[in-house]
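If you're wondering where the values come from, they're calculated on a predicted model, not measured in any experiment. Below, chain A is the first sequence line, B the second, and so on; all start at residue 1.
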2 protein chains.
Amino acid sequence: MDVMDSIDRTASKIAAAIGEPARARILYCLMDDRARTSTELSAVAEVGTSTASAHLHLLLKARLLKVVAQGRHRYYSLAGPEVGRILEGLSAIAGTMSPKFIPSTPNRLRAARSCYDHIAGSLGVTLHDRLLKLEWISKNGEGAAYAISPKGRAKLKEIGIEIVDLEGRRRHVACGCLDWSERRSHIGGSLGAAILSLAFRRKWLLRDLDGRGLTQTSLGRQEFRRCFGIEPSN
Amino acid sequence: MDVMDSIDRTASKIAAAIGEPARARILYCLMDDRARTSTELSAVAEVGTSTASAHLHLLLKARLLKVVAQGRHRYYSLAGPEVGRILEGLSAIAGTMSPKFIPSTPNRLRAARSCYDHIAGSLGVTLHDRLLKLEWISKNGEGAAYAISPKGRAKLKEIGIEIVDLEGRRRHVACGCLDWSERRSHIGGSLGAAILSLAFRRKWLLRDLDGRGLTQTSLGRQEFRRCFGIEPSN
DNA sequence: TCCATGATTCGTTGTTTAACGAAGTGTCAT
DNA sequence: ATGACACTTCGTTAAACAACGAATCATGGA
């Protein structure tokens, strides 16, 4: 009975965290699964940066948000899918409006882009998520680093990437790299570099004139699909 | 965009309603689907009756609770299953504890009892819910009254109850009657009376010595199951 | 009818907390 | 190094609101 009470109490704390208008605006803004910076969220919440900082701190403590520090930016995002579900549920009660009107997953896709020496943009994020889903890589590594599974090694070897060649250097073999425009992780580290270099070599991707943009060739579309099971997006 | 904002705002209001400790205690206490009075809930929330009244008013406005007036009592209960789901969801996030530990549906069953001239207690409630589920009765009637469906008439006739004989009197043919101990509706009106009288006549139920309690016979268990599909409870 | 009891409304008090600006910390660029 | 920028921490103020007791309304029983 005592345990139950404490659950109720923390549940109530969580509800209270959502129950403040400025914080609710922050949370619902983050429902598209993109990470945003403190200052951006202060604009969304329509409060000063210091106030937003306090709100974000509280939301972190309530385990509704998580944060990733990247340089002098701190990217905040929803702590997990359960949080999104709670928010959807509340909206569902709120309006007679059906939950499908809530701006959750559907998101405008952005073009591929390079980030230093690996693939960023929507393609980079898709690839990143896909490798995790396929369990070629897993989050078991230290920090933001990913571990490569035996299956991943085999499959990547088939494609033409030898993991052993990438190991033993100072650089991580694979790690999540937060994307400036997508605000989600894409695949970085020497594996990310190897994939981009492979894609250039095989003419899956062409470098744009501005040096950062990438264009996927029709061959590239086919090959990304064949190798990773990625549906042609745009 | 404006519509979205308003949804967020009311969602935030709902969360705020849950986010006050006293109100959270009230809500989680009501998760067993039983209606409770204002004074009882004030005890649960550990506040005075006037404070509880204010909280209950707010929860009504937030559409998290509904209320049924019965004499000088007002029975409060959760507004719907979505509310329970939200509360469960919050608890799920709150603890690492799994949602199944939340005291939602499983509830100690109470013995059958008579309420004036019809069946109350757990059996009465079960019967009430069953008749609705089978769609022999529906909530289309005025107020707390139920309408009897054609199917219901036919099935009840098979059992030995002629609805036409019950109609045209001042009394409702069927209506929900809030149970003092179960705090949930059982089946009242002349249909309720007819069922109890039938159960006595056929020795499905025996009146206890105290005059209010009812004992289900083994024949009764069989027959309630055969006629209404009610599983033998205790 | 009158009284007892459940429940709500009202007015007051005290606590909580959201908001801001100013000052402090850390990171990138020149 | 030094300035610019992103972000947080601190101290203060003002508004929101939960709590209570007293008064009021409503219902059921004597």
Side-chain angles (χ1 to χ4, degrees), chain A residues 8-9 12-27 30 35-62 64-77 115-116 144 177-178 180-181 183, chain B residues 8-9 12-27 30 35-62 64-77 115-116 143-144 177-181 183:
Chain A
D8 293 3
R9 211 172 310 132
S12 150
K13 283 230 176 207
I14 290 172
I18 307 172
E20 204 281 328
R23 285 195 293 263
R25 281 196 290 274
I26 289 174
L27 289 167
L30 290 172
R36 287 184 179 76
T37 66
S38 186
T39 23
E40 282 176 317
L41 291 171
S42 78
V44 169
E46 297 175 339
V47 293
T49 59
S50 61
T51 307
S53 184
H55 283 314
L56 292 169
H57 184 74
L58 194 151
L59 289 170
L60 280 178
K61 239 183 20 181
L64 289 170
L65 291 187
K66 61 179 190 290
V67 64
V68 174
Q70 172 104 327
R72 53 181 165 183
H73 297 273
R74 307 195 68 189
Y75 290 97
Y76 290 89
S77 56
C115 167
Y116 304 103
C177 176
L178 204 53
W180 182 85
S181 82
R183 307 301 164 79
Chain B
D8 293 3
R9 212 173 309 132
S12 152
K13 283 228 176 210
I14 290 172
I18 307 173
E20 204 281 328
R23 286 196 292 265
R25 282 196 289 274
I26 290 174
L27 289 167
L30 290 172
R36 288 184 178 77
T37 66
S38 186
T39 24
E40 283 176 317
L41 290 172
S42 78
V44 168
E46 298 175 338
V47 294
T49 59
S50 60
T51 307
S53 184
H55 283 314
L56 292 169
H57 184 74
L58 193 151
L59 290 170
L60 280 178
K61 241 185 15 184
L64 288 170
L65 292 187
K66 61 180 191 292
V67 63
V68 174
Q70 173 102 327
R72 50 180 164 183
H73 297 273
R74 306 195 68 189
Y75 290 97
Y76 289 89
S77 57
C115 168
Y116 304 106
C177 175
L178 204 52
D179 191 334
W180 183 85
S181 83
R183 305 303 163 79

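Smallest separation of non-hydrogen atoms from B/Ser42 and B/Gly48: CB-O, 3.9 Å. In this structure, B/Ala52 and B/Ser38 approach most closely via the heavy-atom pair CB-O, 4.4 Å. For the residue pair A/Ala17 and A/Ala62, the shortest heavy atom distance occurs at CB-CB, 4.1 Å.
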Every protein N/O within reach of nucleotides 27-30 of chain D N/O, cut-off under 3.5 Å:
residue : atom : partner : partner atom : Å
D/dT27  : O2   : B/Arg72 : NH1          : 3.4

Using a cutoff of under 3.5 Å, can you pull out all pairs of nitrogen or oxygen atoms linking the protein to nucleotides 13-15 of chain C, with atom names and distances?
none

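Residues B/Leu41 and B/Leu30 have side chains in contact (heavy-atom distance under 4.5 Å, counting atoms from C-beta outward). Residues B/Leu58 and B/Leu64 form no side-chain contact, since every pair of their non-hydrogen atoms from C-beta on lies 4.5 Å or further apart.
Around atom NZ of A/Lys66, more than 12 heavy atoms belonging to other residues, nucleotides or ligands sit under 6.0 Å away.
Screening B/Leu60, B/Val68, B/Leu59 for a side chain to side chain contact (heavy atoms under 4.5 Å, CB included) involving B/Tyr76 leaves a single residue, B/Leu60.
Atom CG of residue B/Leu65 and atom CZ of residue B/Arg23 lie 10.5 Å apart, to the nearest 0.5 angstrom. Taking CG from A/Leu56 and CD1 from A/Ile26, the interatomic distance works out to 4.5 Å, rounded to the nearest 0.5 Å. Here the straight-line distance linking atom CZ of A/Arg25 with atom CD of A/Glu20 works out to 7.5 Å at 0.5 Å rounding.
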*Apply side chain to side chain contact (heavy atoms under 4.5 Å, CB included) to A/Val67 and A/Tyr75, showing your working.*
CA-CA 5 Å; A/Val67 64; A/Tyr75 290 97; 5.9 Å; no
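Rounded to whole Å, atom C1' of D/dC17 lies 9 Å from atom CD of B/Glu20. One atom, NE2 of B/His73, and another, P of C/dT8, lie 12 Å apart when rounded to the nearest Å. When the C1' atom of C/dA7 is taken as reference, atom CZ of B/Arg36 falls 18 Å away, rounded to whole Å. Protein atom CD1 of B/Ile26 is 11 Å distant from nucleotide atom P of D/dA18, rounded to whole Å. Computed from coordinates, the B/Tyr75 OH to C/dT8 P distance equals 13 Å when rounded to whole Å.
Distances were taken from every side-chain heavy atom of B/Tyr76 (C-beta onward) to each of C/dA19, C/dA7, D/dC7; the shortest belongs to C/dA7.
If you check residues 45-62 of chain B against DNA chain D, the residues with a heavy atom closer than 4.0 Å are B/Val47, B/Gly48, B/Ser50, B/Thr51, B/His55, listed by number.
Taking 4.0 angstrom as the limit, B/Arg74 places none of its side-chain polar atoms (N or O) nearer than this to OP1 or OP2 of C/dG6.
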